[in-house]
Amino acid sequence: MSTFKASDYKRTKEKFLAGNLGTGPIEPLLIIAVSVCTFLFTKTIINLLVHHGKKISHKMIGVLEFMMIVVPCIFIICFPDFGLPIIIGTLGFCLIIHFKVMPVFNCLQSDHLNPKRPSMIGRSRVVLMLYTTISIMGVNFHVYPRKFAKTELFGFALMDVGVGSFVIVNALISRPVVAAALADGSKKAKPTEQREEDKKGINKSPNHNLDLDQNAISDQSHKKLSRNDNYEGYMPNNHVSSMNLLARLKQVQKNVLLPVIKLRQRYKLQRFWKKKQHHPQRNEKSQGVKTNPNSCNNGEVRRKRQRPNFFKVFNKAVLSSLPLFVIGFFRYAVIAGTNYQTHVTEYGVHWNFFITLGVVGFFSTILLTYINPKYGIAIGLIILAAHQYILSNGVTDWIVNAKRISFLTKNKEGFGSVLGFVALFLMSCNLGYLFFQRKKDKRDWMKLFLYLITFDLVLWVLWYYVDHKIQPTSRRMVNMGYVFCELAVFTVMVIGFMLLDLFTVPYAPEVRQMLTHNGSNGNKSTSIMLSLNTNQLSIFLVANTFVGITNCTFQTIYFSKLSGFIYITLYMAAVVIIAIVNYIKNWKFKFWGRPPSDKKNNAIENNQNINSNLAQGKDISLEIQSLSKDLENNDSSIQKI
């Protein structure tokens, strides 16, 4: 292919990708509904095989997921007219299985749900990754509908969903959000023993359990002639058996003190007795702590609450976002060096999606250091209102009509959309906070489910008003309409998967183990859903690499629809295989941040200092040992007398 033909094809390809007006949120919602039905169909087929005694292996799980989830997702994107028949057929098949063979649908149940790892969030991440990887390749072929490509100025399309959804899922599972939810949940939650006592109407004082056992011991010591079932014969009137006293002490240690140790290690409870500190002034100077004179416990010491240093927070934000900036600048250098076709109105000349993620991560790291994520929706609405006010007073005209002369105007879409993406991130933090809060039973899950429905309805009403009265929806500027529509669409997807978790029969236990952990034989799971839910940045980079190689090698706009569909399917098979190998080998592309060994307990470690709790538990055990030694000495003195 000559240079003239290459440049001519580049202009043709750019015209092919430009000028899209979008479809509105209806068709993206239809595709999301199809994805929920494919998950339901897959669960039904696997449970049906287990019901008939078929042995499910790791490889079979991967093959079934690819054939019943990945391929239907490709098909429904390329041929969206079949969406409604697929939904009706899937629901009809599941109803037939439910009434004729085995139960598929069930009443509200939440025993299989893990509040620390909500499955509906994981499935939403997987569907987002599937639609994103399919769309970035499929948009280069004629088989991919033009109405699903990114909109030029105003409107809403399927590829616009992927841009904002990446920001949303990053907010949902961010460390500050998970840490704040678990910390606030542990403060509000009561220990199990205390909840049982509340039901029985027992006193709620913190020293109640210990006082009861001490009174029981004193009552036994002052009883008159009594029969002891553990020993033969009768005991004298005014004699306290040392063996009985030690047995009581062991009972107190087992029933009272050891549960207290475990509860303190879990909920960071304070001790209700303290050792006297012989040198409080020395401890204050050496440890840098301040004593509370009004404390009810003698010698109680509380540390000063230090505000985070802004320069340290700024440095942390820069370091956490720097790799994304490096990836973004590297992508621009590769595109500029290879004369690759680009759609400039997406983000700008130098700006791209990775730089947007880096900027949002930088500002969110600083804001979440000083703001509790549960107030994220209020702060996000304030920022979004300010952003819309700026857009409505001249910035929209600047983004649409300003000539690309300086660095600022060349990247006007990127700079003009930063505040909108930051507002979207903060508003999504509130959803993540609700998902990762402690949930005791199905009532808490049902409350969350009803809250999401109400929240989604409010978002749709706000979107309709903003889209018709203030400014039409625009991904290019990330205005108020786009943020409301993006949140509403993503919330619908989460509600769909929540319905799947709460009102359908869960997987069989052995299959559930394959989909969540390693198998019973210790082999790594080859589940596609589990693989796509981890290391998503590396998977996205692999998919972008395949797209770049394809566009540099083939003239994709001249492929037939059948050839394009087959090529996209083979490409998704390669991406899925790489994702599975990446998961099995435990390759970590995200080398910055915490080491891999700490990532398993990152949410717990942000809330609890395990070492300090263990040290406090050792203090209690030492006190118990010293108390038992004193009683043994008393026992020996009684025997001598």
Side-chain angles (χ1 to χ4, degrees), residues 25 28 31-32 35 73 77 120-139 148-151 156-175 177-178 320-321 323-325 327-328 331 343 346-347 351-365 368 376 380 413-414 417-432 435 474-478 482-494 497 532-545 547 575 579 589-590 593:
I31 292 177
I32 289 172
S35 65
C73 285
I77 290 177
M120 61 286 300
I121 299 297
R123 290 193 178 103
S124 301
R125 282 164 51 86
V126 169
V127 170
L128 170 64
M129 179 56 64
L130 282 176
Y131 287 155
T132 302
T133 51
I134 293 170
S135 296
I136 61 176
M137 176 63 81
V139 74
F148 288 163
K150 291 180 181 178
T151 53
F156 193 78
L158 180 64
M159 290 193 72
D160 296 329
V161 176
V163 175
S165 296
F166 259 99
V167 177
I168 294 176
V169 297
N170 286 335
L172 290 178
I173 61 172
S174 61
R175 292 174 186 169
V177 172
V178 178
S320 62
S321 304
L324 291 172
F325 288 122
I327 295 172
R331 183 182 185 276
H343 194 192
E346 286 187 20
Y347 300 101
W351 204 285
N352 53 56
F353 180 63
F354 296 103
I355 296 179
T356 296
L357 290 181
V359 172
V360 173
F362 171 78
F363 286 108
S364 62
T365 302
L368 291 179
E413 291 85 2
S417 62
V418 167
L419 285 179
F421 278 121
V422 172
L424 178 62
F425 186 94
L426 292 177
M427 294 175 68
S428 305
C429 288
N430 183 261
L431 289 179
F435 270 106
S474 174
R475 177 210 53 84
R476 187 174 174 183
M477 293 174 282
V478 191
Y482 175 79
V483 172
F484 287 151
C485 189
E486 182 68 36
L487 269 175
V489 170
F490 188 84
T491 307
V492 168
M493 181 164 58
V494 174
F497 287 117
L532 291 178
N533 196 24
T534 55
N535 299 325
Q536 290 197 337
L537 180 59
S538 59
I539 298 171
F540 185 67
L541 288 175
V542 169
N544 272 274
T545 303
V547 172
V575 171
F589 175 79
K590 189 176 178 180

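What you see is a predicted model; the values in this text were computed from it and never measured.
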Roughly how far apart are Leu158 CG and Ser135 OG, rounded to 0.5 Å? 4.5 Å

In the structure I gave you, are the side-chain heavy atoms of Trp351 and Val418 within less than 4.5 Å of one another anywhere? yes

Apply side-chain contact (heavy atoms from CB on, under 4.5 Å) to Val167 and Phe490, showing your working. CA-CA 11 Å; Val167 177; Phe490 188 84; over 6 Å; no

4.5 Å side-chain heavy-atom contact, Tyr131 and Val161: no

Pairwise side-chain contact, Phe497 with Ile121, heavy-atom cut-off 4.5 Å (strictly under): no

Is the number of heavy atoms from other residues, nucleotides or ligands within 6.0 Å of CZ (Phe325) greater than 12? yes

Backbone of Ile355 reached by a side-chain donor or acceptor of Tyr347 within 3.5 Å: no

Is a side-chain N or O of Ser428 found less than 3.5 angstrom from the main chain of Ile168, in a donor-acceptor match? no

Could you tell me which non-hydrogen atom of Gly361 sits nearest to which non-hydrogen atom of Ser321, and how far apart they are? C-OG, 3.5 Å

Quick one: does Asn533's side chain have a donor or acceptor within less than 3.5 Å of a partner on Val126's backbone? no

Main-chain N/O of Met129 paired to Gln536 side chain as donor or acceptor, under 3.5 Å: no

Nearest heavy-atom neighbours spanning Cys73 and Leu130: SG-CD1, 4.3 Å

Check whether any side-chain heavy atom of Leu424 lies under 4.5 Å from a side-chain heavy atom of Val478, and answer yes or no. no

Would you say that Leu368 contacts Phe425 through its side chain, given a criterion of any heavy-atom pair below 4.5 Å between the two side chains? yes

For this output row, return yes or no: ring centroids of Phe540 and Phe354 closer than 6.0 angstrom. yes

Minimum heavy-atom distance Ala171-Val177, with the two atoms named: O-CG2, 3.5 Å

Atom pair OG1/CG of Thr133 and Leu532 - distance to nearest 0.5 Å: 7.0 Å

Relative to each other, are the rings of Phe421 and Tyr482 parallel, tilted or perpendicular (30° and 60° limits)? perpendicular

Point-to-point distance, once rounded to the nearest 0.5 Å, from CG of Leu172 to CG of Leu431: 6.0 Å

To the nearest 0.5 Å, how far apart are OG in Ser417 and CD in Glu346? 11.5 Å

Taking all heavy atoms of Gly420 and all of Val483, pick out the closest pair and write down the distance. O-CG2, 3.8 Å

Please work out whether the ring planes of Phe353 and Phe166 are parallel, tilted or perpendicular, with thresholds of 30° and 60°. perpendicular

Closest contact, heavy atoms only, Ser124 versus Val494: OG-CG2, 3.6 Å

Over all atoms of both residues, closest heavy-atom pair of Gly164 and Glu486: C-OE2, 3.5 Å

Side-chain (Asp160) to main-chain (Val163) donor-acceptor, under 3.5 angstrom: no

Starting at CZ of Arg125, measure out to OG1 of Thr132 and round the result to the nearest 0.5 Å. 11.5 Å

Using modelled atom types only, decide if a donor and an acceptor are shared between the side chain of Ser35 and the backbone of Ile32 within a distance under 3.5 Å. yes

Nearest 0.5 Å please: distance from the CG atom of Leu324 over to the CG atom of Leu357. 6.0 Å

